[in-house]
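Reminder, nothing fancy here: chain letters follow the sequence lines and each chain counts from 1.
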2 protein chains.
Amino acid sequence: MNDACFRKIQTLRLLPKAPARKSVSTLLEELSGRGFVIDRRSLQRDLKSLANLFPIENDGNKDIPGWYWRRDAQKLELPEMEPTVALSFQMVKTHLKKFMPPSVLSELSPYFSNADKLLGNLKQNELSSWSDKVATINRSQPLIAPKIENEILSVIYLALLSETQIKTHYQPKLEEPRDYTINPLGIVIVDQVIYLVGTLWKYQDVRQFALHRFIKAENTQTSNIQTSSFSLKDYIDGGQFHFPIEDSNKKMVLKIRTNKWIANHLEEVKLSENQSILKLDDEIYEVTASVDNTQQLRWWLNGFGADIEVLEPTFLRQEFINASQALSKLYSINQKE
Amino acid sequence: MNDACFRKIQTLRLLPKAPARKSVSTLLEELSGRGFVIDRRSLQRDLKSLANLFPIENDGNKDIPGWYWRRDAQKLELPEMEPTVALSFQMVKTHLKKFMPPSVLSELSPYFSNADKLLGNLKQNELSSWSDKVATINRSQPLIAPKIENEILSVIYLALLSETQIKTHYQPKLEEPRDYTINPLGIVIVDQVIYLVGTLWKYQDVRQFALHRFIKAENTQTSNIQTSSFSLKDYIDGGQFHFPIEDSNKKMVLKIRTNKWIANHLEEVKLSENQSILKLDDEIYEVTASVDNTQQLRWWLNGFGADIEVLEPTFLRQEFINASQALSKLYSINQKE
DNA sequence: TTTAGTGGCGACAACTAATGTCGCTTACTG
DNA sequence: CAGTAAGCGACATTAGTTGTCGCCACTAAA
């Protein structure tokens, strides 16, 4: 292939998406950095001809004219998305709706709409839509995720990526809004809430900020105040989010007694690789597996109520005996009222 | 731009990915369908020159020579992925690991690796990797998803897409493996298990098949036996998967009494738009919200054990009173043993 | 208002690439 | 062994691309 065509494709890759823009001079430099030594005039011609075929534009700005992909430009993928990949995107999308904050999903919407379009083309002569053929079901209660401004989200993402400070206006839970300058250290998603973990100004103590509580956020070019040897994993394990993430040091052997339906289910989706199921009679099964000793396990066991009886380990059984007493106390007292 | 370059880009888009291939004649036809009337010889030249610049190949097959993108070809996106999008993909990936079957994720891996690469480039001069800056935490117990052969997954996907029958070898739970010819109707993901919903041979009754239980699957070109007026949603709502998906017809007003921590949490992630929280004293709160009357709600409420007391509606309270009695019976009886 | 600097754009001739055609060769088919 | 389909080299023609130059528009500092 001649240089020209390949260079044009590379030029398309170098162009930024809508809010950003690049001047002809910048592009010229970047291209020459990639081995395309070319006259300024040629690049001008390239861009102009590409603009006829692709959704790219230049702002008429007289000062520093810049070229960019239009905001509504749809993704062009090479090689094209496979139909099976499109179907996977569909599934992931319906699933994520319940678990991920909408602002994260909206970042990925170009990919989802590409998938929709592809599936739509395949079935253009039929009325049945894809959503009628795919369903996802899960055990979790749908909760309403708080809304985050897309702009605030991207400011915070970019600050984290470039390790720079941000100037913010933040609304704490019970107090008046305040101005903070934050050194971002990490992002934690708990259920559907996104938290920014970071330090304030020049201080060393690490704090959390819910992203939906930011009223304003602005990227400074000032670089981060480094907090020596901060580890997000250690921070979370320290219990800052009310429960540690799983930790292989806390293995224990769990033994439960349960009914046929749950035992069947556990046969498909195992608690652990070494799980074993013992059938006592047609309706009573015992399941043994080594699992992590976590809060998540307790929630999961609790969820089944009286359909699961914890047999071992002893300390967990005791917890459940205590909990059952607390529960019966709760309801019997109030029932008398 | 001249035709030539644009045509080459379109040619790249028309090429399929590795297992599939397209002959020069097919491409010629498809291109002419898109307005590129061109000599066969030119296309041959195009493909050959493109092969120098992109990972495309032709099999030396003498019978029906075909061109295709190499299997390990990495995605080329126009416009390129934004850093913030890459970060979102990272989050989604860590989250999906726990909820989606690995075979679905492996379909999306080109996108994840694109994101990784982009974030890697941004930070190439630093040791800190992205996974150290992003964490997701959720309330659900990690369970081990059953493994599905990638090939079986894609055969079933494609059959569903093209509405054709599949010939399979299937391993039912307790019986010997059997041969089935299935007319696929839909796919349901329950937690981490994927089920294919469909009918057998020429029969009308709808059945479920867990994807990880397929030993073999083969696409026939025979088209589907249409099952008149099948609706996946109705099928699921019929209780075939042990609990219906949420249904706005089953709204009710829920009132619970709970502690400070849970109330705080619900303030961030609401049960419903009209949720209200009443503070009774520093540790006792009442939360009211209209929610769907679903199994998911019960699991969710159960999960908190004695930390949530259900006050209204009365029938739900009665359910919880019964459940607490069943639970205390369970543990007090066995305790005596 | 002038002046220097920057960048866009039209024109043009030299150059390079792309195109269709032809004929030869190879491989598979019946 | 003929017939068909496809790849490939060669070649003249056509079309597109390139660097250069000069002109103009705009901006910012004098």
Rounded to the nearest angstrom, tell me the gap between atom [atom1] in [X] and atom [atom2] in [N].
{"X": "Lys8(B)", "N": "dG16(D)", "atom1": "NZ", "atom2": "C1'", "answer": "12 Å"}
{"X": "Leu53(B)", "N": "dA17(C)", "atom1": "CG", "atom2": "P", "answer": "13 Å"}
{"X": "Leu47(A)", "N": "dG8(C)", "atom1": "CG", "atom2": "C1'", "answer": "12 Å"}
{"X": "Asp59(B)", "N": "dA27(C)", "atom1": "CG", "atom2": "P", "answer": "15 Å"}
{"X": "Leu27(A)", "N": "dG7(C)", "atom1": "CG", "atom2": "C1'", "answer": "14 Å"}
{"X": "Lys22(B)", "N": "dA6(D)", "atom1": "NZ", "atom2": "P", "answer": "16 Å"}
{"X": "Trp67(A)", "N": "dG8(C)", "atom1": "CH2", "atom2": "C1'", "answer": "11 Å"}
{"X": "Asn52(A)", "N": "dG16(D)", "atom1": "CG", "atom2": "P", "answer": "13 Å"}

Original post:
Taking the six-membered ring of Tyr170(B) as reference, does the NZ or CZ atom of Arg213(B) fall below 6.0 Å from its centre and within a 45° cone about the axis?
Top reply: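 No, cation not above the ring by the 6.0 Å, 45° rule.
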Subject >> Inter-residue atom distance Glu80(B).CD - Leu118(B).CG, 0.5 Å rounding >> reply: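 Result: 6.5 Å between the selected atoms.
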**OP:** Measure the CG-OG1 distance between Leu211(A) and Thr168(A) for me, rounded to the nearest 0.5 Å.
**Re:**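 The OG1 atom of Thr168(A) is 10.5 Å from CG of Leu211(A), to the nearest 0.5 Å.
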Original post:
Do the ring planes of Phe54(B) and Phe6(A) sit parallel (below 30°), tilted (30 to 60°) or perpendicular (above 60°)?
Top reply: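 Phe54(B) and Phe6(A): perpendicular rings.
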Are the side chains of [Y] and [X] in contact, using a 4.5 Å heavy-atom criterion?
{"X": "Ile189(B)", "Y": "Val134(A)", "answer": "no"}
{"X": "Ile187(A)", "Y": "Met91(B)", "answer": "yes"}
{"X": "Leu158(A)", "Y": "Pro83(B)", "answer": "yes"}

Subject >> Candidate nucleotides dA18(C), dT18(D), dG8(C), ranked by approach to the side chain of Asp46(A) - the nearest >> reply: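 Among dA18(C), dT18(D), dG8(C), the one nearest the side chain of Asp46(A) is dT18(D).
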**OP:** Using a cut-off of strictly less than 4.0 Å, decide whether Lys48(A) has a side-chain nitrogen or oxygen near OP1 or OP2 of dG8(C).
**Re:**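 Checking dG8(C) against Lys48(A), no side-chain N or O comes under 4.0 Å of OP1 or OP2.
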**OP:** Name every residue in residues 30-44 of chain B that has at least one heavy atom under 4.0 Å from any atom of DNA chain C, in order of residue number, or write none if there are no such residues.
**Re:**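 Of all residues in residues 30-44 of chain B, the ones placing a heavy atom under 4.0 Å from DNA chain C are Ile38(B), Asp39(B), Arg41(B), Ser42(B).
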Subject >> Sugar-phosphate, base or nothing in reach of Ser23(A), heavy atoms under 4.0 Å >> reply: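 Touches nothing.
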**OP:** Answer with yes or no whether Arg45(B) presents, from its side chain, a donor or acceptor under 3.5 Å of a partner atom in the base of dG20(C).
**Re:**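 Yes.
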